[in-house]
Protein chains: 2
Amino acid sequence: MSQTVDRALSILPLLAEGPADLGQVAERLGVHKSTALRLLRTLHEHGLVYRQSDQRYRLGARLFALAQEAVENLDVREIAHPHLVRLNEQCGHTVHLAVHEEGEVLYIDKVESRYPVRMYSRIGKPVAITVAAVAKLLLADLPEPERRTLAEKLDYPMYTSRSIPNAPAFLRELEKVRDQGWATDLGGHEESINCVAAPIRGTDGRVVAAMSVSAPNVVVTADELLTLLPLVRRTADAISGEYSGRTPAKESSS
Amino acid sequence: MSQTVDRALSILPLLAEGPADLGQVAERLGVHKSTALRLLRTLHEHGLVYRQSDQRYRLGARLFALAQEAVENLDVREIAHPHLVRLNEQCGHTVHLAVHEEGEVLYIDKVESRYPVRMYSRIGKPVAITVAAVAKLLLADLPEPERRTLAEKLDYPMYTSRSIPNAPAFLRELEKVRDQGWATDLGGHEESINCVAAPIRGTDGRVVAAMSVSAPNVVVTADELLTLLPLVRRTADAISGEYSGRTPAKESSS
DNA sequence: AATGACTGTTGCATATATTGCAACGACCCT
DNA sequence: AGGGTCGTTGCAATATATGCAACAGTCATT
């Protein structure tokens, strides 16, 4: 570990508390003023700190820009994929990853079942938005007005007798899903297929993706599939943790 | 300035582009792998960098937390926010708040056209500095030499046929904006989008922030948008009054 | 106005901390 | 097994950061 960098970076959380002048920074770092000055200058050149008109320092603009650029370049699929594979190895069923985009819900990754049964879903294809478990999770997280507007704009095709029939029923289902933090689709899309799904969340707690495990009745019953729920949720949480950059707490003392 | 810190900080924008492994970081820094490793470790201890499961590095959660804190500590934003919301309620369009920092202009708050608050999505992103109405206001207030230097350092991308093409034209526009005390962007960034903006001033009369109302042609014509100018200016003046402590922060005299 | 106290800034010699090297271990693929 | 890549560690050399002391600017006080 580098002492110089360590000191420089310690300035950032310090300034997060509020603006501070050179003397205060030097004192709280336990270094000479000239040292603090040079560290601050370096941070300044990188735009991480900003010098306001009263000469005090505060956190700088490039912090926003960096955070912004980072989230834009974050690829959920890339991070999630190994987790999906591992989940598939553990349970053997088809695993899906989906995101919400412009009123549609799309599968963006899929690990095929190891049982010899086919399920026609294609990566990049919109899902049955009114019944799919992943869709419920993604839409349940939308702000109230947007959710309602969308729900009323949708068609509610009766794929099966258990498909969700209309907007009010859909909105009720979304409420339930949002409260419990997971979702299912028990024969709502195809009679013989059940799904259980869990949400993947970003730093701010908003749902950025959803994943599901799907299996036909002939392989496992709905009840049996539901026993996988803890595993699915654990996997989703692991992906959330990694996606939002929470460190897995290896060692903390320096 | 500190070489070690300089190198360490150079890693951040590099990782903002996307995850990278140790070798890539070392190469792009132009240092030995062991050096890069030690720098990354220090960044990691401060949570600015996260190591994902494939051992590659990406930006960490603490960076997002810092950016969040930094944006919340901007007092202009805090004071302005309720005014922006009220303006949005009155006209229904998207309202932006922006500041100038180190040659960049960034949005620090935004009230969405249809949905109320809580959209942090584009906040923190640098604006198109040569065409945005808020950028014109902020740069027009700079002292002469600084303004000229900056104008000549900028690129002038032709987003549309009405984008400002070069430094002389930009400086002329800034003069005009400074004299009239407000600014517009009529299709200079995106063909179908118009903006009207007004400055927010501190005690000393200097422009500390700028706000704008934006709307697409399909909703209101440019002429119709311009009728909002008095309202926008009154809102900006109210914020100025409160920010500089003239108005007791409750009701503005009209 | 002059003085004094305060803060930020610079040049420099010293010693400390960082660097690159080379060797090691782990892992993957052929 | 063997060759390749990638991350990691101990060590010596030297480049680099540090603290000091002196300087300059600003503001309030007398």
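Spacing between atom NE2 of His32(B) and atom P of dA13(D) amounts to 17 Å, rounded to whole angstrom units. When the P atom of dG7(D) is taken as reference, atom CG of Leu39(B) falls 15 Å away, rounded to whole Å. To the nearest angstrom, C1' of dC23(D) lies 12 Å from NZ of Lys33(A). dA24(D) atom P lies 17 Å from atom CD of Gln55(A), rounded to whole Å. Leu37(A) has its CG atom 9 Å from the P atom of dG8(C), to the nearest Å. Here dT9(C) presents its P atom at 11 Å from CG of Asp21(A), a figure rounded to the nearest Å. His44(B) places its NE2 atom 15 Å from the P atom of dG7(D), with the value rounded to the nearest Å.
Using modelled atom types and a 3.5 Å distance limit, the side chains of Arg38(B) and Thr42(B) yield no donor-acceptor pair.
For Phe170(B), the ring-ring contact (aromatic ring centres under 6.0 Å, His included) partners are Tyr156(B), not counting sequence neighbours.
Taken over five-pair windows at either terminus, the axes of the helix from dA1(C)-dT30(D) to dT30(C)-dA1(D) are inclined to one another by 40° (rounded to 10 degrees).
Summarising the geometry of Arg7(B) relative to Leu29(B), their closest heavy-atom pair is O-CD2, 3.6 Å, with the distance given to 0.1 Å.
Mapping Leu22(A) and Gly30(B) onto DNA chain C by nearest heavy atom places Leu22(A) at the nucleotide closer to the 5' end.
When distances run from any side-chain atom of Arg51(A) to the nucleotides dG7(D), dG8(C), dG19(D), the shortest one goes to dG8(C).
Within a 6.0 Å radius of CZ in Arg62(B), no more than 12 heavy atoms belonging to other residues, nucleotides or ligands are found.
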Under 3.5 Å, which N/O atoms of the protein pair with N/O atoms of nucleotides 11-17 of chain C?
residue: dA17(C); atom: OP1; partner: Gln3(A); partner atom: NE2; Å: 3.4

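Distances shown here put a side-chain N or O of Thr35(B) below 4.0 Å from the OP1 or OP2 atom of dG20(C). The phosphate of dT18(D) has OP1 or OP2 within less than 4.0 Å of a side-chain N or O from Arg7(A).
Heavy atoms of Arg41(A) sit under 4.0 angstrom from primed sugar atoms or phosphate atoms, though from no base atom.
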